[in-house]
Number of protein chains: 2
Amino acid sequence: MTRDREATSRRILEAARELFAEHGYDQVTMRMIASEAGANVALVNRYFGTKAALFAEALATGSTLAAVIDGDPSGLASRLAHRLAVRLQSGVTESVTRMVDRAGTSPEIRAILHAHVEATVVKRIAAQLEGPRPEQRALLAATMIMGTGSVRRLFGPGVIEEVDAEEVEERLREMFAICLRP
Amino acid sequence: MTRDREATSRRILEAARELFAEHGYDQVTMRMIASEAGANVALVNRYFGTKAALFAEALATGSTLAAVIDGDPSGLASRLAHRLAVRLQSGVTESVTRMVDRAGTSPEIRAILHAHVEATVVKRIAAQLEGPRPEQRALLAATMIMGTGSVRRLFGPGVIEEVDAEEVEERLREMFAICLRP
DNA sequence: AGAGTTAGTAGACGCTTGTTTACTTGTCAA
DNA sequence: TTGACAAGTAAACAAGCGTCTACTAACTCT
């Protein structure tokens, strides 16, 4: 057994990120994280303090939505619609929505998530919008992102297979256009 | 202490319905339900078997969304938009979305929720739609209902207060119109 | 009035959780 | 080579969970 604090804590953080994204905060135990990282439970606490602190740190790294949001403002609706349609078809959902969806009701955890979604989704979308109340419209877009995740996870791959992906994408594009327009 | 099995089990069921709707499955304990109903924990198990069975029974009674969905098909988009806008403003969200949002990942519970949402929301909306693939479009509407709940719960009353309720309702109405049209 | 049924209760059972403590062991400077 | 420091481990902690068993007490029927 090679002893490497940096490598170990990095493995722990990666395992935490994947597990939290997949199962949400409550459903993941410190022992699951330790096991996945090939480390001891006590080390997880020693390196990251508490479970909530580890969650916050895992959240700070790994949002792929930002790359979709950033870009040409006029194509934002199309990019978001395409992303959601692809995710519906592939069976994968945004890790952010999974986490929100399964966050549990701990005020501390919801506060951490709130700050993260506000910074990486709402503010980021709002920054591209012109006209009054950009955050209100960005919030509506966030609604659709979150809702897609919830529904997809609840209904599973069975229902979605009967769906015409192109038609859904076109409808989503129009819906995004409505909530993003000035 | 008056002894009335029917009244006691009804109190338990009501307490379960309210608590599950407010906090979700995982966060509600059998002891919370018993305490809220003024009954003993053992009685809850005796009358309803298991926690999951009680959840399923609580779910079967108490969906107020159905009343909004049923009615004139041409006014469906307006009714849904109004409902969501009101709920955003009042700080209350659909109990169905709360439950889904906080369901945890137990396959049994998610299966129960899936069946419930499919029957009381998706199929009910789809029944009003004409044209091809009504369920696909009903699913998009469900996406917005679920998403509104997630976002509202995550952001709390603070952000929503800065929102122009009428403008949001109008945008929601147009978005519903797009996803419901043939 | 007394016996039997049954609503209601107290408490324990086994398990899992996040976290901590006391310990062992590998690594590297002196 | 040795000693000190840090990485890693095993085990226990206290608390909380769903569930079950053994018991008490109120109601009903003869």
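Just so we're on the same page: letters track the sequence lines, and every chain starts at 1.
- A side-chain donor-acceptor contact under 3.5 Å links Asp26(B) and Gln27(A).
- Distance Asp4(A) CG to dG8(D) P: 7 Å, rounded to the nearest Å.
- Taking Thr50(B) as the reference, Ala52(B), Ala53(B) meet the side-chain contact (heavy atoms from CB on, under 4.5 Å) condition, with sequence neighbours excluded.
- Under 4.0 angstrom from either OP1 or OP2 of dA7(D) there lies no side-chain N or O belonging to Thr8(A).
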### Message
Before you tell me yes or no, could you show the steps for Thr64(A) and Arg83(A) under side-chain hydrogen bond (donor to acceptor under 3.5 Å, both in side chains), namely the whole-Å CA-CA distance, both residues' side-chain angles and the distance that decides it to 0.1 Å?
### Response
CA-CA 11 Å; Thr64(A) 57; Arg83(A) 168 73 163 221; 2.8 Å; yes
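- Side-chain atoms of Arg31(B) come within donor-acceptor range of the base of dG18(D), with a qualifying N/O pair under 3.5 Å.
- Contact check of residues 40-57 of chain A against DNA chain D (heavy atom, cut-off under 4.0 Å) returns Asn40(A), Ala42(A), Leu43(A), Arg46(A), Tyr47(A).
- Of the possible donor and acceptor atoms, one in the side chain of Arg79(B) sits under 3.5 Å from a partner among the backbone N and O of Asp72(B).
- For a distance-only test at 3.5 Å, the side chain of Arg5(B) fails to qualify as a donor-acceptor partner of the base of dT6(C).
- In this view, Phe20(B) and Tyr25(B), Phe55(B) satisfy the ring pair (Phe, Tyr, Trp, His ring centres under 6.0 Å) rule, not counting sequence neighbours.
- Residue pairs satisfying the side chain to side chain donor-acceptor pair (under 3.5 Å) criterion with at least one member in residues 32-42 of chain A, sequence neighbours excluded, are absent.
- Distance CG (Asp26(A)) to P (dG16(D)): 16 Å, rounded to an integer number of Å.
- Every pair passing side chain to side chain donor-acceptor pair (under 3.5 Å) that includes a residue from residues 4-18 of chain B is listed here, sequence neighbours excluded: Arg17(B)-Thr61(B).
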What N/O pairs connect the protein and nucleotides 14-16 of chain C at under 3.5 Å? Give each pair on its own line.
none

